[in-house]
Amino acid sequence: MAQQKPSIPKGTRDFNPNEMARRNYIFDTIRKHFKLYGFSAIETPSMENLSTLMGKYGEEGDKLLFKVLNSGDFLSKVSEEQLNEKNSNKLTTKISEKGLRYDLTVPFARFVVQHRNELTFPFKRYQIQPVWRADRPQKGRYREFYQCDADMIGSTSLLNEVDLVQLIDDVFQDLSINVSIKLNNRKILSGIAEFVGEADKIIDITVAIDKLDKIGLEGVNKEMEAKGVFPKAIEQLQPIINLSGTNSEKLDTLKELLASSEIGVKGVEEMSTVLNYLEALEVKSEVELDLTLARGLNYYTGTIFEVKALDVAIGSITGGGRYDDLTGIFGMPDVSGVGISFGADRIYDVLNELDLYPEHTEDSVQVFFVNFGSDEGKYCLPLVSKLRKNGINAELYPASAKMKKQMKYANDKNIPFVVMIGGNEMEKNLLSVKNMESGEQNDMNLEELINLIKR
RNA sequence: GUGAUUGUAGCUCAGUUGGUUAGAGCGCCGGAUUGUGGUUCCGGAGGUCGCCGGUUCGAGACCGGUCUUUCACCCCA
């Protein structure tokens, strides 16, 4: 049989033990803060019914969904005529009814509606699972990646937004990543579109403005023009696109400009409220009202969040927002929610680039026992067990291989302490403990070893 | 989906205008050292040159296709 070369699909990755230790450090840190803020864990299946996913992420999103073929002879139900038509979109609905989840928010909305009678509202959940997008991979962009979501649903209070900003701040402080937390509000964007008389072009306008950093003012104007925004409207937009100053200065300007737009006023009010609360708190990261922050899914209706790493160019590492009616499409209208999503894989890339990992993570082995033979090995077993019961990661080499091989094993695994117990030590009832970093070696009993590690 | 780009040992890369048996460093394995890793010395193994096809007396090199990598656009964590 011909050997096949092992490979994995485009845009996916293997993670070796070292990488997993680092990833778990990220997940553990985020999870810790999720819990501190009162979120409970849930999980949903990798696959959802396509009817749940389709149409929730815009036309572009539908294209990026991974679809799963029906089981069995999936073509048997397709007519000759449909096959000959060669219309992929039409055929897809006949031969595929499941798809891999594209994010965690829509499955969460489905979950909430499906389990509404079992849940207590406001419901706060966190969810750390992979999602899949059939995108072309590039820097910081994968086809399989983890999202770490925290959402609260069933409360319109802006205190939730405030909580989320603090949560973001806490997580990135803990990870030692310098970030800028950018805030905007969909209602302000609507107000702006209304103010310039192009309410129906809000998406085109905001998507264009979002690219300000990348393509400059001229590029933004050109793009709006190409999308059919009236020149007069573009002119009126200029002071808004160029808006600068402190958050409160920006708000003052907007308040004046948007006074005629009911929804715009509402947006400015919401933003002021959130920023006011935050001023009284100790948020270490920079929090900025950024009108160019417009990306995001079509379902955001209020506050929009985005977090950028200050020291690495990698796009946003966290995003989120408020959605007033995500559950409506599943038959549960008028339930407002707000949430954020940490992009674990991009955070991983940032930490790698800045080399910000702690040297020893909770995953690593702390004590290694050399195995000198069957009697010696047997003698070690209860000692290893005792260390583990004391919460110390420990292992005994499974065979009495050459000393050199065993030492190399411990060295390669970066294990800080090696215990050697041969005939001498057994007789004296002592452990010969070698500190692998300093090379020092001392005899001691188990209690002393435990104290040495725990201190 | 559009336009570029990459692929030679486990890793990072050399490889002349197409010409014998494709190289290096690191890593790996063994030994110097039968209870001492990381340093040193000696020795060794390891390659269908991404894959398929074409041009040629002859292809790692040239051509076509395909997969993969990276990047930009679209969009996005």
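Values below: every heavy atom of this structure, side chains too, minus hydrogens, waters and symmetry copies. Since this is a predicted model, take the numbers as computed values, not measurements. Throughout, protein chains are lettered first and strands after them, A, B, ... in sequence-line order, and every chain is numbered starting at 1.
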Under 4.0 Å, counting only non-hydrogen atoms across every strand here, what does A:Gly58 touch: a base, just sugar-phosphate, or nothing?
nothing
Write down the distance between CG (A:Asp412) and P (B:U36), rounded to a whole number of angstrom.
18 Å
Using a cut-off of strictly less than 4.0 Å, decide whether A:Lys63 has a side-chain nitrogen or oxygen near OP1 or OP2 of B:C74.
no
Just wondering, do A:Phe372 and B:G35 stack (centres under 5.5 Å, planes under 30°)?
no
Which is true for A:Gly423 with a 4.0 Å heavy-atom rule: it touches a base, it touches only sugar-phosphate, or it touches nothing?
base
Kindly indicate whether the side chain of A:Arg346 and the base of B:C76 share any N or O donor-acceptor pair separated by less than 3.5 Å?
yes
Cation-pi check, A:Arg23 to A:Tyr348: give yes when NZ or CZ is under 6.0 Å from the six-membered ring centre and within 45° of the ring axis, no otherwise.
yes
Rounded off to whole Å, could you give me the NZ-to-P distance for the A:Lys408 and B:G30 pair?
9 Å
Mind checking A:Gln138 for me? I need base, sugar-phosphate or nothing, with any heavy atom below 4.0 Å counting as a touch.
base
Between the base of B:G35 and the side chain of A:Gln406, is one N or O donor paired with an acceptor at under 3.5 angstrom?
no
CG of A:Asp149 versus P of B:C76: gap in Å, rounded?
16 Å
What pairs of donor and acceptor atoms, side-chain ones from residues 366-376 of chain A against any protein atom, are under 3.5 angstrom apart with sequence neighbours left out?
unit_1: A:Gln366; atom_1: OE1; unit_2: A:Asn393; atom_2: N; d: 2.9
unit_1: A:Asn371; atom_1: OD1; unit_2: A:Gly373; atom_2: N; d: 3.0
unit_1: A:Asn371; atom_1: ND2; unit_2: A:Tyr397; atom_2: O; d: 2.9

Test applied, side-chain contact (heavy atoms from CB on, under 4.5 Å); reference residue, A:Arg133; option that passes from A:Leu65, A:Leu100, A:Asp103:
A:Asp103
Whole angstrom value for the distance that separates P of B:G38 from CE of A:Met403:
12 Å
With a 4.0 Å cut-off on heavy atoms, is A:Gly439 in touch with a base, just the backbone sugar-phosphate, or nothing at all?
base
Say we look at B:U40 and B:U33: how far apart would their C1' atoms be, to the nearest angstrom?
12 Å
Would you say the side-chain atoms of A:Tyr102 and A:Asp62 include a donor-acceptor pair closer than 3.5 Å?
no
Gap in Å between the two C1' atoms, one belonging to B:G64 and one to B:U55, rounded
11 Å
Select from A:Ala134 and A:Thr12 the residue whose nearest nucleotide in RNA chain B is closer to the 5' end of that strand.
A:Ala134
Distance check, P atoms only: B:G30 and B:G46, in whole angstrom units.
16 Å
Just call it for A:Tyr142: base, sugar-phosphate, or nothing, with non-hydrogen atoms closer than 4.0 Å on any strand.
base
Using the P atom as the point on both nucleotides, what is the distance between B:U8 and B:U70, in whole Å?
14 Å
Go through it in stages, so that I can follow the logic: the residues are A:Leu217 and A:Leu212, the test is side-chain contact (heavy atoms from CB on, under 4.5 Å), and I'd like the CA-CA distance, side-chain angles, deciding distance and then a yes or no.
CA-CA 6 Å; A:Leu217 183 59; A:Leu212 182 63; 4.3 Å; yes
Rounding to an integer number of angstrom, what distance separates B:C76 and B:U12 when you compare their P atoms?
33 Å
Roughly how many Å apart are B:U20 and B:C67, using the C1' atom of each and rounding to a whole number?
33 Å
Toward the 5' end of RNA chain B, by each residue's nearest nucleotide, A:Pro9 or A:Lys402:
A:Lys402
Protein-nucleotide distance (A:Phe368, atom CZ; B:G38, atom C1'), rounded to Å
15 Å
Can you see if the side chain of A:Lys214 gets near the phosphate of B:A72 - specifically, an N or O under 4.0 Å from OP1 or OP2?
no
Which one, B:C75, B:G35, B:C71, comes nearest to the side chain of A:Glu425?
B:G35
Among B:C75, B:G30, B:U36, find the nucleotide with the atom closest to the side chain of A:Val207.
B:C75
Would you write the dot-bracket representation of RNA chain B, where each base gets (, ), [, ], | or . depending on whether it forms a Watson-Crick or G-U pair under 3.5 Å and with which partner?
((((..(..((((.....[...)))).(((((.......))))).....(((((..]....))))))..))))....
Would a distance-only check, ignoring hydrogens and angles, find a side-chain to backbone donor-acceptor pair under 3.5 Å from A:Asp290 to A:Thr292?
yes
Spell out yes or no: do the side chain of A:Arg136 and the base of B:C71 have one donor N/O and one acceptor N/O closer than 3.5 Å?
no
Is there a donor on the side chain of A:Asn411 or the base of B:G37 sitting less than 3.5 Å from an acceptor on the other?
yes
Using the C1' atom in both, what is the distance from B:G10 to B:C29, to the nearest Å?
13 Å
A:Phe172-A:Phe342 aromatic ring centre distance below 6.0 Å
yes
Heavy-atom donor-acceptor pair, A:Lys434 side-chain to B:G37 base, under 3.5 Å:
yes
Provide the closest heavy-atom pair for A:Leu237 versus A:Ile192 in the form atom of the first, atom of the second, distance.
CD2-CG2, 3.3 Å
A:Asn16 has an atom CG; how far is it from atom P of B:G27, in whole Å?
18 Å
Establish, for the pair A:Arg13 and A:Tyr142, whether the NZ or CZ atom is under 6.0 angstrom from the six-membered ring centre and no further than 45 degrees off its axis.
yes
Please state the C1' separation for the pair B:A9 and B:G3 - nearest whole angstrom.
34 Å
Less than 6.0 angstrom from the centroid, inside 45 degrees of the normal: does A:Arg31 satisfy that with respect to the ring of A:Tyr126?
no
I need the NZ-P distance between A:Lys182 and B:A77, as an integer number of Å.
16 Å
Have a look at A:Lys405 and say if it touches a base, only the backbone sugar-phosphate, or nothing, with a 4.0 Å heavy-atom cut-off.
nothing
A:Gln441 CD to B:G38 C1', straight-line distance once rounded to whole Å:
15 Å
